[in-house]
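Note sheet for the following structure.
Counting begins at 1 with the first residue of the sequence. As a basis for the values below, the full set of heavy atoms in this structure was taken, side chains included, without hydrogen atoms, waters or symmetry mates.
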Amino acid sequence: MGITVSDIERKEFTYKGAGYDPYDVDQYLDQICDEMVAMQDHIAKLEEQLEAAKRELETAKYAAKPVVVEEPYAAPKPVVQAPITKTSETLEAILLNAQKLADDAVEQANSQAEEMVAQANQEAEEITRNAREEKERIEKEYADTLETARAFKENFLKMLEEHKALLDRQLKTNGEI
């Protein structure tokens, strides 16, 4: 499996602008981890049942082999295999059912994992898109602020020069220079 529960638990997202609530994201990722752990436990349990059924089948196959007892003067007893064959068939059916359940569980887990990954990717793309939009908005606001500051400085310096010129004229008029 490409993404593990540990990968999800350790994943840290960077904060950009006003993005999603980190607590909600963490809660959702915790739910995903819990679901994945439950599915992995279920798969492990099914695999254990499958192994147990395989062992039982092997035991039944071994028990189904006819035992030849040599008695020097007595006729050999016939070996009745019908119940053993039926038991063997039953165990094979159980094994097939267990294998089918395990395969179905794995397929369902993979399907759910793919859906979760697709949804997480979609949410990540949405977060990234929102972050880019927020970045562009902040950059525009910053550029506007710089332009406003430049214009203010320019006007302020112009006003100071005009006031200096007025003061110089007034001092000349009063004869103080």
Does [X] sit in a hydrophobic cluster with other residues, and if so which ones, taking ILVMFWY side chains as linked at heavy-atom separations under 4.5 Å, directly or through other members?
X	result
I138	none
L101	L46
Y142	L146

task = Return each pair, listed once, that meets salt bridge (charged side-chain N to carboxylate O under 4.0 Å, His left out) where at least one residue sits in residues 146-163; pairs must be two or more places apart or across chains.
result = E147-R150, R150-E154
Atom pair [atom1]/[atom2] of [X] and [Y] - distance to nearest 0.5 Å:
X	Y	atom1	atom2	result
N121	T128	CG	OG1	10.0 Å
E35	D30	CD	CG	13.5 Å
K45	H42	NZ	NE2	8.0 Å
I94	E56	CD1	CD	7.0 Å
Q49	K54	CD	NZ	13.5 Å

Applying a strict under-4.5 Å side-chain criterion to I, L, V, M, F, W and Y, I'd like to know whether [X] and [Y] cluster together.
X	Y	value
M39	I32	yes
M116	I127	yes
V106	V117	no

With a 4.0 Å cut-off, would you call [X] and [Y] a salt bridge?
X	Y	result
R137	E141	yes
K172	D168	no
E125	R129	no

message = Set out, in order, the CA-CA distance, both residues' side-chain angles and the distance that settles side chain to side chain donor-acceptor pair (under 3.5 Å) for D103 and Q99, then state yes or no.
response = CA-CA 6 Å; D103 291 344; Q99 181 65 45; 2.8 Å; yes
ask   = Are side-chain heavy atoms of Q27 and Q31 found at a separation under 4.5 Å?
value = no
inquiry  = Would you say that Q112 contacts M36 through its side chain, given a criterion of any heavy-atom pair below 4.5 Å between the two side chains?
reply    =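 They are not in contact (no side-chain heavy atoms under 4.5 Å apart), so the answer is no.
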ask   = Within the distance-only criterion (no hydrogens, no angle test), does the side chain of S111 pair as donor or acceptor with the backbone N or O of E107 below 3.5 angstrom?
value = no
inquiry  = Could you check whether any side-chain N or O of H163 sits under 3.5 Å from a backbone N or O of M159, counting only pairs where one atom can act as donor and the other as acceptor?
reply    =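 Yes; judged by distance alone, with no hydrogens or angles, the pair exists.
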request  = Could you tell me whether Q170 atom CD has more than 12 heavy atoms of other residues or ligands within 6.0 Å of it?
outcome  = no
inquiry  = More than 12 heavy atoms of other residues, nucleotides or ligands under 6.0 Å from CD of Q122: yes or no?
reply    =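 Not more than 12 within 6.0 Å, no.
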key: For D104, side chain to side chain contact (heavy atoms under 4.5 Å, CB included) partners two or more places apart   =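 With neighbours one apart ignored, the set is K100.
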task = List for me each residue that meets side chain to side chain contact (heavy atoms under 4.5 Å, CB included) alongside E47, sequence neighbours excluded, and say none if there are none.
result =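 In terms of side chain to side chain contact (heavy atoms under 4.5 Å, CB included), with neighbours along the sequence ignored, E47 is linked to I43.
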ask   = Under the side-chain contact (heavy atoms from CB on, under 4.5 Å) criterion, do E51 and R55 qualify, and how do the steps go?
value = CA-CA 6 Å; E51 288 301 315; R55 285 191 301 272; 3.7 Å; yes
Worked check of salt bridge (Lys or Arg N to Asp or Glu O under 4.0 Å) between E139 and K135 = CA-CA 6 Å; E139 286 175 344; K135 177 187 171 220; 3.6 Å; yes
